[in-house]
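A, B, ... follow the sequence lines: proteins, then strands. Residue 1 opens every chain.
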Amino acid sequence: MASDFFERIYKIIQRIPKGKVATYGQIAALAGKPHAARAVGWALNNTPPQLDLPWQRVINASGRSSFDEETKRKLQQALLKKEGVKFDKSGKVDLERFQWNGK
DNA sequence: AACCTGACTTCGG
DNA sequence: TCCGAAGCCAGGT
């Protein structure tokens with residue numbers, strides 16, 4: 001578990017400012033592995049809750065929540081809305097506007 | 001080492 | 001918009 005890759009991912013996610021979002025692929029790229037989007041998802045799914053990571057700010061390349069269950073999608077959207085991120089009717093985020101620039 | 005699964009992404013149809 | 005297939009990475013249900 002204690003791989004550098006994970007450490008980098010955690011740090012990167014913690015750098016995402018409130019009111020902004022990032023995609024799995026983007027995080028993977030910042031972590032040094034442009035094609036490890038899936039691994040990022042795996043990492044998040046296995047992240048200890050006590051780390052208090054803003055996981056809600058991580059969404060897929062379509063600007064949507066990747067959860068199957070609607071209850072979880074709603075939760076994620078609710079948390080983001082509270083931070084100022086807006087969703088359209090279909091539950092999509094305007095990435096052009098809310099995606100974190102990486103700085 | 002091989003095989004499977006997954007909070008992914010991209011391309012076609 | 002929706003679905004399937006292929007490519008990619010890490011860990012082991």
Can you tell me how far CD1 of Ile13(A) sits from CG of Asp52(A), rounded to the nearest 0.5 angstrom?
13.0 Å
pair Trp100(A)-Val58(A): side-chain heavy atoms closer than 4.5 Å
no
Please report the distance, rounded to the nearest Å, between CZ in Arg8(A) and P in dC9(C).
13 Å
What are the two closest heavy atoms between Pro48(A) and Tyr10(A), and how far apart are they?
CD-OH, 4.2 Å
What's Asn60(A) touching, base or sugar-phosphate or nothing? Going by heavy atoms closer than 4.0 Å.
sugar-phosphate
Output the pairing pattern of DNA chain B as a dot-bracket string, 5' first, Watson-Crick or G-U wobble with both distances under 3.5 Å, | for cross-strand pairs, [ ] for crossing pairs.
..||||.||||||
Could you give the CD-to-P distance, from Gln76(A) to dA7(B), as a whole number of Å?
13 Å
Flag side-chain contact, heavy atom, 4.5 Å: Thr23(A) against Gln99(A)
yes
Ser66(A) vs Arg64(A) side-chain heavy atoms within contact, under 4.5 Å
no
Report the distance from atom CG of Asn45(A) to atom P of dC9(C), rounded to the nearest whole Å.
20 Å
How many whole angstroms separate atom NZ of Lys89(A) from atom C1' of dT1(C)?
16 Å
Taking 4.0 angstrom as the limit, do Arg57(A) and Glu83(A) come out as a salt bridge?
yes
Which heavy atom of Ile27(A) sits nearest to which heavy atom of Ala22(A), and what is that distance?
CG1-CB, 4.2 Å
List the atom of Leu53(A), the atom of Gln14(A), and the distance in Å for their closest heavy-atom pair.
CD2-CG, 3.2 Å
In whole Å, I'd like the distance from the NZ atom of Lys72(A) to the P atom of dG6(B).
13 Å
How long is the line joining CZ of Phe6(A) and C1' of dA7(B), in whole Å?
13 Å
Distance, rounded to the nearest Å, where Ile16(A) contributes CD1 and dA7(B) contributes P
19 Å
Expressed as a whole number of angstroms, how long is the span from Trp42(A):CH2 to dC4(B):P?
19 Å
DNA chain C-proximal residues of residues 21-39 of chain A, any heavy atom under 4.0 Å:
Lys33(A), His35(A), Ala36(A), Arg38(A), Ala39(A)
Any idea which heavy atoms bring Ala37(A) and Ala28(A) closest together, and the distance?
N-CB, 3.7 Å
For Trp42(A) together with Tyr24(A), are the ring centres under 6.0 Å from each other?
no
With heavy-atom distances below 4.5 Å as the criterion, would you say the side chains of Leu30(A) and Ile9(A) are in contact?
no
Tabulated below should be each protein N or O lying under 3.5 Å from an N or O of nucleotides 10-13 of chain B; please produce it.
none

